[in-house]
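The chains referred to below are lettered A, B, ... by the order of the sequence lines, with proteins before strands, and numbering in each begins at 1. Side chains included, hydrogens not; waters and symmetry mates left out as well; all remaining heavy atoms used. Keep in mind that this is a model prediction, so the values were computed, not measured.
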Amino acid sequence: MAKLDLVMFEEEYKVLQEIITRLQTESSSKVVFLVDKNGQQIAASGDVRSIDATSLASLTAGNVAATDGLAKLIGEKEFTLLFHEGEKDNLHISIVGKRGILVVIFDQSSSLALVRLRVKKSSRELQEIFDKVEQRAQNQAGETNFESPFSEITDEDIDRLFGD
Amino acid sequence: MTFINYASREINCKIVYYGPGLCGKTTNIQWIFEQANPDKRGKLVSLATETDRTLFFDFLPLDMGTVKGFKVRFHLYTVPGQVFYDASRKLILRGCDGVIFVADSQRPRMEANIESIANLATNLKENGFDIRSIPYVLQLNKRDMPTAAPVEEMERLLRFRSEPTIEAVANQGTGVIETLKACARQILMELQRG
């Protein structure tokens, strides 16, 4: 199979959340999101209720994907950083490893230089977690005795999702 | 690529609606958006041109309920159908868990349907997927049109792997949920197999 599912366990998630929270505080930013390249939100910190996080995640992924396409067109491997400057708020988007995107929203109480500096440090830490998650997924793919919690899904479960 | 989060006990799946221009991909997800319980649906995001043609994608997040204690969330995407947006179509297929092909039943659009399936196969392959094994549903849309080709003829032309085939009139909601369900069933059954 070409795909490996992204499976995140509690302890890994906790560490990711800690890194994101620290980044948000240390960079004096409003919100920090960690999104996966397919548009799904992984973790967030800050005033997340002020933003439609699901739409933000999918649009960010679309934006990164389109920019990736542009990079390849001009012969670059990828652009690792996107920056959008607004009147009040700014958006700093950076790629973490192969599958993560870090989104930092900040206003005048921070600066681009500070955000860049803090993001750099956090990216390295996040990368380590992603590597761990991927390593585990690969190991499990080779194991036949790994029991998925979904091995017992029935037709009735699926019917119930659709209210039948 | 399904995202399973054990910490928040959530499963997120990405489903992509594919098909030729004006076949009704956006209409499918608009109908789902209008019918869904407002608590269960997110915002419908449409990146469209001034004339309402899809430019990049439409996006609708849906909370479906729980399976085995995990919240199941579907992210529905459409691709732009027009031929010259091929680069964008390829990007949207990235990491998808299932594909719904919306075919236009009108006879003059049959060639466009066939071309679009071939294009889907190519773009899936470039993303590391195989059209013969990925969860996949064929929807025959616009069954109410006067020039609609017979179902048997469309199946002969467009069906290639005994995939579920559903007749639909998306602007009236006919067949829309059945199509989504057929795709969801395959995705969740794939999770079951692990």
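A distance below 6.0 Å separates the ring centres of B:His75 and B:Phe59. With ring centers used as reference points, B:Tyr17 lies 6.0 Å or more from B:Phe57.
For B:Thr66, the part lying near chain A is the backbone, with the side chain staying farther off; criterion is any non-hydrogen pair under 4.5 Å. Looking at A:Ile42, both its backbone and its side chain come within 4.5 Å of chain B, counting heavy atoms on both sides. With a 4.5 angstrom heavy-atom cutoff, B:Leu47 touches chain A only via side-chain atoms. Proximity to chain A is limited to the side chain of B:Phe56, based on heavy atoms less than 4.5 angstrom apart. For a residue to count as touching a neighbouring chain, one of its non-hydrogen atoms must lie under 4.5 Å from one of that chain's; by this rule A:Asp155 touches chain B with backbone and side chain alike. Heavy-atom distances place the backbone of A:Gln41, and not its side chain, under 4.5 Å from chain B. For A:Asp157, the parts lying under 4.5 angstrom from a heavy atom of chain B are both the backbone and the side chain.
Between B:Lys25 and B:Asp58 there is no salt bridge, since no side-chain N of the basic residue sits under 4.0 Å from a carboxylate O of the acidic one. Salt-bridge formation is detected for the pair B:Asp63/B:Arg73: a Lys NZ or Arg NE/NH1/NH2 atom is positioned less than 4.0 Å from an Asp or Glu carboxylate oxygen.
Put simply, A:Leu6 and A:Tyr13 are part of the same group of oily side chains (I, L, V, M, F, W, Y) that touch within less than 4.5 Å, one to the next.
Contacts with chain B were tallied for A:Leu73, A:Thr154, A:Asp36, A:Leu59; A:Leu59 has the most, counting heavy-atom pairs under 4.5 Å.
Across all non-hydrogen atoms, the minimal contact from B:Lys14 to B:Ile92 is NZ-O, 2.9 Å.
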